[in-house]
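Proteins come first, then strands; the chains are lettered A, B, ... in the order of their sequence lines, and each starts at number 1.
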Amino acid sequence: MFAYFGPRNWWPGETRFEIIVGAILTQSVAWRNVSKAIENLRAAGILTLEAMYKAPIEEIEKHIVPTLYWRMKAKKLRAFVNHIMDNYHGDLDKFLQKDKEELRRELLSLYGIGPETADSIILYAAEQPVFVVDAYTRRIFHRLGFFEESVSYDEMQQFFMKHIPPDVRYYNEYHALIVGIGNRFCSNKKPDCGNCPIQSVCRFKLRNKVENEG
DNA sequence: GTCCGGATAG
DNA sequence: CTATCTGGAC
């Protein structure tokens, strides 16, 4: 995967707060939509913890319309911002420096933050080594032959963290590469197995070839 | 399981 | 036109 894509330099974002905003906004939506929303927020001057805390919810909503579930996501952003302002006096770094297990529990207790978003924040904003898995990871590694399709988030995460030494840079790159394979080649209905850079180690390739040729 | 609900490739 | 997009709450 690395030989094909090269270093992908994730996660896009000029500040830790911006990375967190991206992690929430990208739930079930293409990154290009998130990118628009973030530029809208930046132009409006509310891409900081303090500014977003003061902004009316309607103000946040209108800038993030491109991210599909904009009404819900505005609530999610507000819930996160309120938590940091109310419990950490707006000191985001103090929050992110917490022990990663404790940080994860606290993130999961917030409205709108589930396992993948929590882990994305821990890895990409707090820069602590947790392996982020997602729907692409499930699909790809199921097709490769590692998992049942019904494998849980935690089971997948434990598998990767058992076999790959904890390293922020490596975990960062690995998840980025999985997403790259997922949205370029390993789609649900019509995967492009013939051009996929990991086809030589994939079992699904053969089945897909048979189906296409009848 | 359903709801949320905009942008884009093919 | 519809399938899909770096999910989570209920």
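Hydrophobic clustering (ILVMFWY, side-chain heavy atoms < 4.5 Å, transitive): A:Val168 and A:Phe2 are in one cluster. Linking ILVMFWY side-chain heavy atoms closer than 4.5 Å, directly or via other members, places A:Ile164 and A:Leu123 in a single hydrophobic cluster.
When distances are taken from the side chain of A:Pro115 to each of C:dG8, C:dT6, C:dC10, the shortest belongs to C:dG8. Candidate nucleotides C:dT6, C:dC5, B:dC4 were compared by shortest atom distance to the side chain of A:Met72, and B:dC4 ranks first. Of the candidate nucleotides B:dC4, C:dA9, C:dC5, B:dC4 has the atom nearest to the side chain of A:Tyr69. Side-chain proximity of A:Pro66 to the nucleotides C:dT6, C:dC5, B:dA7 is greatest for B:dA7. When distances run from any side-chain atom of A:Val179 to the nucleotides C:dG8, C:dT4, C:dT6, the shortest one goes to C:dT6. Comparing atom distances between the A:Thr117 side chain and each of B:dG5, C:dG8, C:dA3 picks out C:dG8 as nearest. Each of B:dG5, C:dT6, C:dT4 was ranked by its minimum atom distance to the side chain of A:Leu68; first place goes to B:dG5. Listed nucleotides: C:dC5, B:dG6, C:dG7. Nearest to the side chain of A:Trp70: B:dG6.
Closest non-hydrogen pair, A:Pro115 versus A:Arg104, comes out as CB-NH2, 3.8 Å. Closest heavy-atom contact between A:Glu61 and A:Ala74: CG-CB, 3.5 Å.
Between the NZ atom of A:Lys76 and the P atom of B:dG5 there is a distance of 10 Å, rounded to whole Å. In this structure, NZ of A:Lys75 is placed 14 Å from C1' of B:dG5, rounded to the nearest angstrom. For the pair A:Leu25 CG and B:dA7 P, the interatomic distance rounds to 14 Å; values are reported in whole Å. If you take CG of A:Asn40 and P of B:dA7, they are 10 Å apart, rounded to a whole angstrom. Atoms NZ (A:Lys73) and P (B:dG6) sit 11 Å apart, rounded to a whole Å. If you take CE of A:Met156 and C1' of C:dT6, they are 13 Å apart, rounded to a whole angstrom. For A:Leu77 and C:dA9, the CG to P distance is 14 Å, given to the nearest whole Å. One interatomic measurement links the two molecules: CD1 of A:Ile64 to P of B:dC4, which rounds to 16 Å at whole-angstrom precision.
At a threshold of 4.0 angstrom between heavy atoms, the contacts of A:Leu110 are confined to the sugar-phosphate backbone, with no base atom among them. Using a 4.0 Å heavy-atom distance criterion, A:Trp11 is classed as a base contact. Contacts of A:Val65 with the nucleic acid, taken as non-hydrogen atoms under 4.0 Å apart, involve only primed sugar atoms and P, OP1 or OP2. Residue A:Ile24 is classed as having no contact, given no heavy-atom separation below 4.0 Å to the nucleic acid.
The P atoms of B:dG10 and C:dT6 are separated by 13 Å, rounded to the nearest whole Å. One P atom belongs to B:dT2, the other to C:dA3, and the distance between them is 16 Å to the nearest Å. B:dG5 and C:dC5 are spaced 13 Å apart, taking the C1' atom of each and rounding to whole Å. Rounded to a whole angstrom, the distance from the P atom of B:dA7 to that of C:dA9 is 24 Å.
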Can A:Phe141 and A:Phe159 be said to form a ring-ring contact (aromatic ring centres under 6.0 Å, His included), step by step? CA-CA 11 Å; A:Phe141 283 80; A:Phe159 175 82; 7.3 Å; no
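Counting heavy-atom neighbours within 6.0 Å of A:Lys98 NZ, excluding the residue itself, gives a total above 12.
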Just the atom pairs and distances: protein N or O near nucleotides 8-10 of chain B's N or O, under 3.5 Å.
from  : atom 1 : to      : atom 2 : distance (Å)
B:dT8 : OP1    : A:Lys36 : NZ     : 2.6

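Ring geometry for A:His175 versus A:Tyr124: interplanar angle of 30 to 60°, hence tilted. Classification of the A:Phe95-A:His83 ring pair by plane angle, with boundaries at 30° and 60°, yields perpendicular.
Within the 4.0 Å cut-off from OP1 or OP2 of C:dT6, not a single side-chain nitrogen or oxygen of A:Tyr124 is found.
Map A:Leu108 and A:His175 each onto its nearest nucleotide of DNA chain C; the residue landing nearer the 5' end is A:His175.
Residues passing the ring-ring contact (aromatic ring centres under 6.0 Å, His included) test with A:Tyr69: none are found, sequence neighbours excluded.
Residue-nucleotide stacking is present for A:Trp10 and C:dT6, judged by a side-chain ring centre under 5.5 Å from the six-membered base ring centre and planes under 30° apart.
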